[in-house]
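One structure is given here, and the rest of the page talks about it.
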Amino acid sequence: MTDHFKLDLTQRPRRLRRTASLRAMVEETVLRPADFVAPLFVIEGKAAPEPIGSMPGVRRLCIGDAVKECRALAKLGVRAVALFPKLDGSLKDAEGSAALSEDALILRAVRAVKRAVPELTVMTDIALDPYTTHGHDGVLSEDGGEVANDRTVDLLREMAVLHARAGVDLVAPSDMMDGRVGAIRRALDAAGFEQTGIMAYSVKFASAYYGPFREAVGSARAAGTAPLDKRTYQMNPANRREALRELELDDAEGADILMVKPAGLYLDIIREVRGVTRKPIAAYQVSGEYAQIHAAAERGWLELAPARNESLLAIKRAGADLILTYFAKDMALALR
Ligand code: PBG
């Protein structure tokens with residue numbers, strides 16, 4: 001008979017899981033709306049919101065609608081947005097020149113949001129991919145064979161100053177060129193923007209999970225048929241030591257916040273970098289991570305809300321102070 005079987009145990013972890021209040025008392029990681037940064041895609045004109053096929057619930061918004069969305073996010077306690085422009089193909093060229101236009105869509109969007117919701121932190125990507133016909137984050141070398149590092153950095157620091165002048169709180173270089181954080185810091189300071197911060201995409205892997213984002217901004221395979229290959233600048237997913245090296249460089253070059261991207265597949269990296277810098281760590285739950293959860297939920301294979309919550313809790317538990325996620329608004333709503 002096993003009826004009266006009793007283990008001789010002093011340690012019974014289940015005691016603290018017995019009731020909801022005990023479980024709440026010993027909860028180690030808690031998500032709050034201020035943990036999240038909401039990425040928003042902005043389009044030209046007064047167009048109606050455009051759904052993005054691979055990102056259920058995410059839509060490209062005209063500036064007016066983006067402002068409304070920012071007001072709603074701020075009301076829900078989300079403190080920051082990351083704005084991304086989707087340009088008309090006719091504005092793109094090999095050099096990404098539209099990135100340096102004083103009248104660029106992104107600059108008008110930043111000004112409108114900062115005017116309407118000044119308390120909301122606004123950040124923008126510093127990289128050329130929404131602007132180039134080939135979809136790369138920088139300009140190509142003479143022979144077209146690779147992305148030219150220093151020439152790209154030269155353009156990026158000019159772009160960063162334009163964004164600072166439009167009023168962003170943080171510029172976010174997402175290009176993975178060598179030396180860009182230091183160059184951008186110096187350019188911002190020289191232009192009088194020593195209070196504009198840098199959130200560096202420090203550890204950005206050449207991931208297969210950016211596909212839906214590239215659909216959203218129209219950079220997927222802009223120049224032709226071959227899918228984009230960014231492996232000469234984005235990192236090899238196999239590399240952990242190199243992640244630390246990239247992080248330490250951006251830290252030393254003056255980044256204010258250091259980012260790991262993607263997030264969910266790189267929790268070990270988030271944990272590790274958390275220990276090597278005293279600065280805030282951000283993690284980007286990228287479009288493919290979002291799409292994956294939605295796709296499974298649509299098929300009835302996962303429950304959306306609990307899977308979403310767990311994915312974000314894991315990123316915070318790993319050590320991220322901030323999470324860029326397309327679930328930002330849903331989470332803020334769920335946490336009310
Ligand atoms: C562009 C950029 C990318 C993302 C953010 N900024 C894509 C890329 O590097 O190709 C990805 C975000 C996402 O997938 O959600 N530099």
Side-chain angles (χ1 to χ4, degrees), residues 36-42 52-60 80-87 92 96 98-99 106 123-139 147 149 152-153 155-156 159-160 163 168 170-177 180-181 184 198-223 226-237 246 257 259-266 282-295 308 311-312 315 322-328:
F36 305 116
V37 179
L40 297 180
F41 298 106
V42 185
I52 300 155
S54 51
M55 301 179 74
V58 179
R59 298 178 304 171
R60 302 186 196 93
V81 293
L83 301 179
F84 296 94
K86 155 96 167 45
L87 255 66
K92 300 186 186 191
I106 189 69
M123 59 184 80
T124 49
D125 255 36
I126 303 299
L128 298 180
D129 53 302
Y131 304 96
T132 53
T133 36
H134 43 73
H136 279 294
D137 291 32
V139 293
V147 173
N149 193 86
T152 296
V153 172
L155 298 171
L156 295 182
M159 185 178 177
H163 287 219
V168 295
L170 298 166
V171 292
S174 64
D175 56 294
M176 290 299 280
M177 297 302 117
R180 91 278 206 218
V181 169
I184 288 172
I198 300 178
M199 183 177 76
Y201 286 70
S202 302
V203 182
K204 178 170 177 179
F205 292 96
S207 171
Y209 285 72
Y210 305 149
F213 174 96
R214 291 178 189 166
E215 181 197 342
V217 302
S219 71
R221 46 184 81 205
L228 268 179
D229 180 351
K230 300 192 174 182
R231 284 178 297 181
T232 70
Y233 46 107
Q234 298 179 349
M235 280 186 45
N236 182 343
E246 281 286 4
I257 300 176
M259 194 209 290
V260 175
K261 175 186 174 189
L265 295 163
Y266 297 90
Y284 199 144
Q285 182 182 53
V286 300
S287 55
E289 298 178 74
Y290 177 84
Q292 206 173 33
I293 292 170
H294 266 285
R308 171 197 73 199
S311 71
L312 293 163
I315 295 165
L322 281 170
I323 307 172
L324 289 89
T325 173
Y326 302 96
F327 287 124

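Atoms within a ligand are numbered from 1 in the order they appear, just like the ligands themselves. Below, each value reflects all heavy atoms present in this structure, side chains not excepted, and no hydrogens, waters or symmetry copies. We count residues from 1, following the sequence as given.
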Residue-level breakdown please: for [X] versus ligand 1, do any non-hydrogen atoms fall below 4.0 Å on the side chain, on the backbone, on both, or on neither?
X      : answer
Leu228 : neither
Val286 : both
Tyr284 : side chain

Where is the nearest protein heavy atom to [atom]: which residue, which atom, and how far?
atom                    : result
atom 5 (C) of ligand 1  : Lys261 NZ, 2.7 Å
atom 8 (C) of ligand 1  : Lys230 NZ, 3.3 Å
atom 16 (N) of ligand 1 : Asp137 OD2, 2.8 Å
atom 1 (C) of ligand 1  : Asp129 OD2, 2.9 Å
atom 14 (O) of ligand 1 : Ser287 OG, 2.7 Å
atom 2 (C) of ligand 1  : Lys204 NZ, 3.4 Å
atom 6 (N) of ligand 1  : Asp125 OD2, 2.8 Å

Do [X] side-chain atoms and [Y] backbone N/O form a donor-acceptor pair below 3.5 Å?
X      : Y      : value
Arg59  : Ile52  : no
Ser219 : Pro130 : no
Thr152 : Gly138 : no

Can Lys204 be said to sit on top of Tyr201's aromatic six-ring, NZ or CZ under 6.0 Å from centre and within 45° of the ring axis?
yes

Under 6.0 Å from the six-membered ring centre of Tyr210 and within 45° of its axis: does the NZ or CZ of Lys261 meet both?
yes

For a quick check under 3.5 Å, do Gln285 and Ser311 share a side-chain donor-acceptor pair by atom type?
yes

Using ring-ring contact (aromatic ring centres under 6.0 Å, His included), reason through Phe36 and Phe327 one step at a time and then give a plain yes or no.
CA-CA 9 Å; Phe36 305 116; Phe327 287 124; 9.4 Å; no

Using a 4.0 Å cutoff against the non-hydrogen atoms of [X], which atoms of ligand 1 qualify?
X      : value
Arg214 : 8 (C), 10 (O)
Ser174 : 1 (C), 6 (N), 16 (N)
Gln234 : 8 (C), 9 (O)

Side chain to side chain contact (heavy atoms under 4.5 Å, CB included), that's the test. Do Ile184 and Ile198 meet it? Break it down for me.
CA-CA 8 Å; Ile184 288 172; Ile198 300 178; 3.8 Å; yes

May I ask you to check whether Tyr326 and His294 place their ring centres under 6.0 Å from each other?
no

So is [X] in contact with ligand 1, going by heavy-atom distances below 4.0 Å?
X      : value
Gln285 : no
Glu289 : no
Tyr326 : yes

Which residue is it: Gln234, Arg180, His136? I am looking for the one with a side-chain hydrogen bond (donor to acceptor under 3.5 Å, both in side chains) to Asp175.
Arg180

